[in-house]
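The model shown is predicted, which means the values in this text are computed figures rather than measured ones.
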Amino acid sequence: MSSTTASSSLTVVTRRVAGARVPRPRGRAKAARGTSNAVVARASSRATRTASDARDGRAMTRASAVVARDDAFANENDANAVEEEAGARVPAANAEADAASEEDDEETEEDTGNASLRDLLRFTLPTMAIWLCEPLLSLVDTSVVGLSSGTIELAAIAPGSVYSGYPSYLLATGFAVATTSMVGQDRLLASRGGPVDEDSRTVAAAIAAAVFAASTVAALLIGLHKPALAAYVGTANVELLPYAFMYSVIRILALPVATVTAVSQAAFLAVRDPWTPLRAVSLTTVLNLVLDVWFVCGLGWGIAGAAGATSLSQVITMSLLIRALVKRGPEIDKVKEMVAEATERSKSTSFAENKSRTLMNVGAPALRLPFQRPRDDFLSRLISIAGPVMMVAAIKCVFVGWVVRAGTSISPEASAANGVLLTVYFFFAVIGEGVSQAAQAFLPPQLGNFKKSKELAFRIMLVAVVVGFFNAAVSGLFPSLFPQLFTKSEAVIELMNQAIPFMSLSLFAHTGSMASEGCLLAARDGVFMSLSYIPNTILSCITLTILSAKGFGVQSSWIALFQFHVFRLIINAVRLRMGSSPLKKSLAKLEEQTPHGVDVDLALNPPAA
């Protein structure tokens, strides 16, 4: 079997086994293959004709036997010469085809970095749909509890969500970003001759670390939940505490599950496969809706039933994603067998060295049991990436927690109104997170070329403006037109209507600020981003304190949040456009100079910086 046939058959099998696209040779590769086949066809045709002439010559009369025999020998020699010439030209044509195919593959890789608006939306939309499912669970909890259990239990969701949800957000964000980055680095090193299964080891180690960290944090939170929540709620709303205790503890028990789910999703998103986790979370979101209605309304469990339904849905989501990662093991093993078989048949060195590694990196990493030991520097890689991200997330949580407390301390009605608007806000805020993820996925290949990276950053910001308008419009209309989906209290609805315009403005500014933040993360500028949060948060808290003292009530929280996002957008935009813009940083060159055993992120952001 020729190298062309082996490559084609392996490509077909890989598509079926790995469930991913493998680019076909294009352009010059096809032309070169056609040239090779044409040479063989012409040689065979000419040899056949000359041999036929030779046989006819030998059948001539005896009188011209000598002449005919000489002609026949001459023709046969011509045929042999043509075949030898073809034999010499065919390997050259095949070599040209292999070179053209490799160049086409390189062009395909370069094209992936030059992402269009369509490419950005194609990745961003399913990614946003994945992240929408988690706040959708909270949105369903708020709606079902508010309609069936009254204002007190509805008001208790806000402090309970802060205590249980923000630690979950902190851990999930840190581990997810670290997993995405490390899997991408492992794939890069594998394509350059490194171990092909390091990404699988990384995912397994990240899951194990996530379980340990989340279990430790969960134990501490459960042990301290009563005094911590009592101090947070304050003396004005002590009637909320029993319900906030129940809701937070049940949600905290699922903290390890939520963190492992985030790591599993990141493993798929790292290879630009948002569809597998999207199918899993879509199924469990529907299930959560059914369980919410059953537990809260049917069984009368109230706020505890809502927390139980959400936690159970998270367990099922994690199980589906872990199952998908485990199934990748046999699929990758099948690809290995086909690579070995095709390599043996093709006898092509270029195919063996280049195509096999490309095919091995198709699809998500495999989760193999029992877990295998990762690289020795796994923990340092994890901390170097997750540390700055979690620091930024912690500052966000502190500020938003302050915002929630400002509403909770006023009255149960204000706490309920603030809780509903925060649930709506976080549901639409996830869309901004999707734009940030798109920037991190598509911008790195263009870094170092300031013109191209600036153009791509502009397209990302353009997407953010469009998405931001959508967020602002829909988030404002939804609770304004349908407040009865969340509560029957006229006092709560009135307080909601006062703050809705500022909530919509906050979402519009949030989307743009997240897009700019994604550009900074793509350029590994986490140190600047982390430091810029500190003064911004202090200024926003000062604004919140002043407005609360002047009697702005629930509105004060959202005005301060709007200021926070506007300042963040301005700071990030100035950083991206200044003379020392991180967009000028060439990650590709730095990664090429980084030895396989050295962490790429540490090389890009050394401690001295």
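- By the 4.5 Å heavy-atom criterion applied to side chains, V400 and F426 are counted as neighbours.
- When atom types are taken as modelled, the side chain of S311 and the backbone of A254 share no donor-acceptor pair closer than 3.5 angstrom.
- Checking side-chain atoms of Q555 against main-chain N and O of A499 turns up no donor-acceptor pair under 3.5 Å.
- The closest side-chain donor-acceptor pair between Q563 and T543 falls under 3.5 angstrom.
- Interatomic distance, CZ of F399 versus CZ of F564, reported as 6.0 Å (0.5 Å rounding).
- Between L147 and T487, every side-chain heavy-atom pair lies at or beyond the 4.5 Å cut-off.
- In this structure, K550 and I546 have side chains that are in contact, with non-hydrogen atoms separated by less than 4.5 Å.
- Inter-residue side-chain proximity for L569 and E517 is flagged as unmet; no heavy-atom pair is nearer than 4.5 Å.
- Side-chain polar atoms of N572 and S513 form no donor-acceptor pair below 3.5 angstrom.
- To the nearest 0.5 Å, the span separating OG on S248 from CG on L221 amounts to 9.0 Å.
- The distance from atom OG of S415 to atom CG of L495, rounded to the nearest 0.5 Å, is 11.0 Å.
- Using a 4.5 Å cut-off on side-chain heavy atoms (C-beta onward), R279 and T276 make contact.
- In this structure, the side chain of S532 engages the main chain of M529 through a donor-acceptor pair within 3.5 Å.
- Listed here is the closest heavy atom pair of F175 and V263: CB-CG2, 3.7 Å.
- For S181 (side chain) and V177 (main-chain N/O), no donor-acceptor pair under 3.5 Å exists by modelled atom type.
- Within the 3.5 Å criterion, the main-chain N or O of A414 finds a donor-acceptor partner in the side chain of S411.
- In this structure, S548 contributes its side chain and T545 its backbone to no donor-acceptor pair below 3.5 Å.
- Here the closest non-hydrogen pair linking M182 and F378 is CE-CE1, 3.7 Å.
- For Y243, the OH atom sits in a loose shell: 12 or fewer heavy atoms of surrounding residues, nucleotides or ligands are nearer than 6.0 Å.
- The nearest pair of heavy atoms linking T259 to A214 is OG1-CB, 3.5 Å.
- Within a 6.0 Å sphere centred on CD of Q498, other residues, nucleotides and ligands contribute more than 12 heavy atoms.
- Heavy-atom minimum distance, A156 versus A244: CB-N, 3.8 Å.
- In this structure, S148 contributes its side chain and C297 its backbone to no donor-acceptor pair below 3.5 Å.
- Each of V203, L321, L367, T179 was scored for a side chain to side chain contact (heavy atoms under 4.5 Å, CB included) with S264, with one residue passing: L321.
- The closest side-chain heavy-atom distance from F502 to F562 is not below 4.5 Å.
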For this session: In sequence, state the C-alpha distance, the side-chain angles, and the governing distance for F245 and H225, and then conclude on ring-ring contact (aromatic ring centres under 6.0 Å, His included).
Result: CA-CA 7 Å; F245 291 160; H225 77 282; 5.4 Å; yes
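- Checked by atom type, the side-chain pair T261/T317 shows no donor-acceptor distance below 3.5 Å.
- The closest side-chain donor-acceptor pair between Y533 and R568 falls under 3.5 angstrom.
- Taken from CG in L576 to CG in D525, the straight-line distance is 8.0 Å, to the nearest 0.5 Å.
- Rounding to the nearest 0.5 Å places OG1 of T202 at 10.0 Å from CG of L382.
- Closest of all the heavy-atom pairs between V145 and A306 is CG2-CB, 3.7 Å.
- Between Y425 and H510, the ring planes are perpendicular. Angles over 60° get that label, and only those under 30° would be called parallel.
- Side-chain N or O atoms of S384 include one that pairs as donor or acceptor with a backbone N or O of R381 at under 3.5 Å.
- Using a 4.5 Å heavy-atom threshold, the side chains of T511 and F428 count as separate.
- Inspection of the N288 and T285 side chains reveals no N or O donor paired with an N or O acceptor under 3.5 Å.
- The distance from the CG atom of L139 to the CZ atom of F478 is 5.5 Å, given to the nearest 0.5 Å.
- Looking at Y247, its side chain never comes within 3.5 Å of a backbone N or O of S161 through a donor-acceptor pair.
- Put simply, the side chain of F482 does not reach to within 4.5 Å of the side chain of L477, judged on heavy atoms.
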